[in-house]
Amino acid sequence: MKANLSLLVGQAVEAAFAAGHLRSAGLPPIELETPKIATHGDFSTNIAMNLAASQKRSPREIARIIIDHIVDSDHLLSKTEVAGPGFINFFIAWDKWYKVLKRVHDEGNAYGTSQIGIGNRVQVEFVSANPTGPLHVGHGRCAAVGETLAAILKAAGYEVEKEYYVNDSGRQIRTLGESVFVRYRQHIGKTLDMPADGYQGSYIKDLARILFDQEGKSLLDMPEEEAITLCAKFAAGNILAEIQEDLMAFGVSFDNWFSEQSLYDSGAVDSVIKVCQNQKFIYEQGGALWFRTTDFGDEKDRVVVRTNGLTTYFASDIAYHKDKFERNFDRIIDIWGADHHGYVRRVSASIQALGCNGDRFQVLLVQLVNLLREGKPVTMSTRAGEFVTLRELIGEVGRDAARFLFLLRHYESSLDFDLELAKKQSNENPVYYVQYVHARICNILRKAAERGYKDIDSNADYLELLNLPEEIQLIKLMARYPEVVATSARMMEPHRIPFYMKELAAAFHAYYHDRNKHKVVSDDAKLSAARLYLVSAIRIIIRNGLDIMGVSAPESM
RNA sequence: GCCCCCGUAGCUCAGUGGAUAGAGCAAAGGAUUCCUAAUCCUUGUGCCGCAAGUUCGAUUCUUGCCGGGGGCACCA
């Protein structure tokens, strides 16, 4: 619809150029928007205003000329007008909207997909939480954003690979090992204290107990280093398995789990450090090796190898991102918690230093989640071991509510998540509002089947009976869905999907509610067929949208 | 001090440089013999934080300031 109109406008401008009615110039991109106000038409373009400078005429005059050159052989338009400072407003002929319904049904699950990313490989890396403790609600938000962004990009035609980077090496893992070893010895009856930087959570005790059940007291006979390494491996492996379970329960999956340790095992970290040293991006000072990130806009250089000989996480991150680029993605998207923002500049510095195209790399910083209960903040502190885990969250409010509410805000805004609100079955909770549309339509289709209506969701006859303004309104809204998905992909903004879903849901509920005026299943078989075709198209879009968000579409509620 | 995010209705937030800035909640009133009331309808609300700049046009882009949140390490 929009594409056709865009074509008409382009042809009209070219025709005006050819006829000499407009001074020949480059054709600016044709922007068609859906005006906020219905009286401004179904679509509107500002092309005359954009041409004004090069034409040296008033936008309204140019708009008039463009309209005069429009050749609408298919009678797509019922009215075209010049408005305001020079907008051209287009009114689509009513009967043309029925094609949208047909398209929704024909495309089914594929309605909303597009080709804008075709031929492009994108990697999305997200969550990547250290296997030193359970996932908390902040990770949940990153998981929802990452998984949904990946789904949106796929719908837009991109080839998407989802990756989780496992920090299974380094200082934190060692601390984890030490913490478990302390609890292990305590479990046996030794009195000793947890070091200040140890992990305090009760899950450490659980791991120590399981370890004891498996290994008995044998760890006491080993050299301490060996015992700690064993504890670390055991704990990280167990925690990672739990993380994987949580993510699966949350409907989040990955194509690739990339181990940090593997970068050390393969020598990739050492080799990238050597390369950078040769190219003078890494220098030695005070016994440590520093990366010259200031050459690329960082405020200070960063340590890669400490005086004690240990590498920092930055060292393996350099090797990791080099590896990503070697895998030939057209775009590499990292989704990090906002608390890592200080890291962005140094990683992109290392990417540029290695000669990779930094334009292909992008970091999305997901802001924090403030967990509330009836408006009051729930305090969380990983250190002290007091936090609400993703598992607890899903257990309390359910996967659907959690996914939906995590996506409802722009990821760049911090999010207030109220546990009580998430459980409410009322107007305040948008999750059920949208799901209820699906359940209601399913029920209508069941009722129709009981009445003996055949082919209830595939009968495209009698569509011209859908002539009420609210019915056309619904169809117009449905026509916008593919554009919403495409825009979400282009802007990398998942929140646009739930916002659209709410809008479509509101329009449907209003339509549904006025049963006297437009009951779907009635004695009028033709009208019923047309309306069933309408509502089942809505169902398709609701289902597709919820599917992208990872939220279920219940048949009854 | 430096960096990132936010500042839009009483609250929570949408708003891809365009026309008269929108939703939900909250407040008040109403709707159910009906395809599920987890629903709908009606009623009000705005120095779009402030000030300059760019532009034919700025809530949107730039800069500065003010306010809120977060981050700064040979931690991650």
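Hydrogens, waters and symmetry mates are skipped; everything else that's a heavy atom, side chains included, is used. This structure is a prediction, so every number in the text was calculated from the model and none was measured. A note on names: the letters A, B, ... follow the listed sequences, proteins ahead of strands, and every chain is numbered from 1.
- No side-chain N or O of A:Gln367 forms a donor-acceptor pair with one of A:Ser413 less than 3.5 Å apart.
- Within the nucleic acid shown, A:Ala288 comes within 4.0 Å of at least one base atom, counting heavy atoms only.
- With both ends at atom P, the span from B:G44 to B:G24 equals 14 Å, rounded to whole Å.
- In terms of position along RNA chain B, the nucleotide closest to A:Lys519 lies nearer the 5' end than the nucleotide closest to the other residue of the pair A:Lys519 and A:Arg302.
- Residue A:Tyr512 and nucleotide B:C35 are classified as a stacked aromatic pair, their ring centres being separated by less than 5.5 Å at an interplanar angle below 30°.
- Under 3.5 Å, the side chains of A:Tyr283 and A:Gln277 contain no donor-acceptor pair of N or O atoms.
- A:Lys423 comes within 4.0 angstrom of no nucleic acid atom, judged by non-hydrogen atoms across all strands.
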Report, one line per pair, each donor and acceptor closer than 3.5 Å where one atom sits in a side chain of residues 28-40 of chain A; sequence neighbours left out.
none

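- Within the structure, every side-chain polar atom (N or O) of A:Tyr432 is placed at least 4.0 Å from both OP1 and OP2 of B:A38.
- Rounded to whole Å, atom C1' of B:C74 lies 15 Å from atom OH of A:Tyr313.
- In this structure, of B:G71, B:U39, B:A76, it is B:A76 that holds the atom nearest to the side chain of A:Tyr343.
- Around NZ of A:Lys423, the count of heavy atoms belonging to other residues, nucleotides or ligands within 6.0 Å exceeds 12.
- Comment: A:Asp168 does not engage A:Lys233 in a salt bridge, judged by the lack of any side-chain N to carboxylate O separation of less than 4.0 angstrom.
- Taking 4.0 angstrom as the limit, A:Arg451 places none of its side-chain polar atoms (N or O) nearer than this to OP1 or OP2 of B:C35.
- Along RNA chain B, the nucleotide nearest to A:Gly286 and the one nearest to A:Pro85 differ in position, and the one closer to the 5' end is contacted by A:Pro85.
- OP1 or OP2 of B:C25 has not a single side-chain nitrogen or oxygen of A:Tyr433 nearer than 4.0 Å.
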Restricting to nitrogen or oxygen on both sides, can you table the protein-nucleotides 12-15 of chain B pairs closer than 3.5 Å?
| unit_1 | atom_1 | unit_2 | atom_2 | d |
| --- | --- | --- | --- | --- |
| B:U12 | O2' | A:Arg409 | NH2 | 2.7 |
| B:C13 | O5' | A:Arg409 | NE | 3.2 |
| B:C13 | O2' | A:Arg409 | NH1 | 3.2 |
| B:A14 | OP1 | A:His410 | N | 3.1 |
| B:A14 | O3' | A:His495 | NE2 | 3.4 |
| B:G15 | OP1 | A:His495 | NE2 | 2.7 |

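- At a cut-off of 3.5 Å, with distance as the only test, no side-chain donor of A:Glu483 or A:Tyr500 sits close to an acceptor on the other residue.
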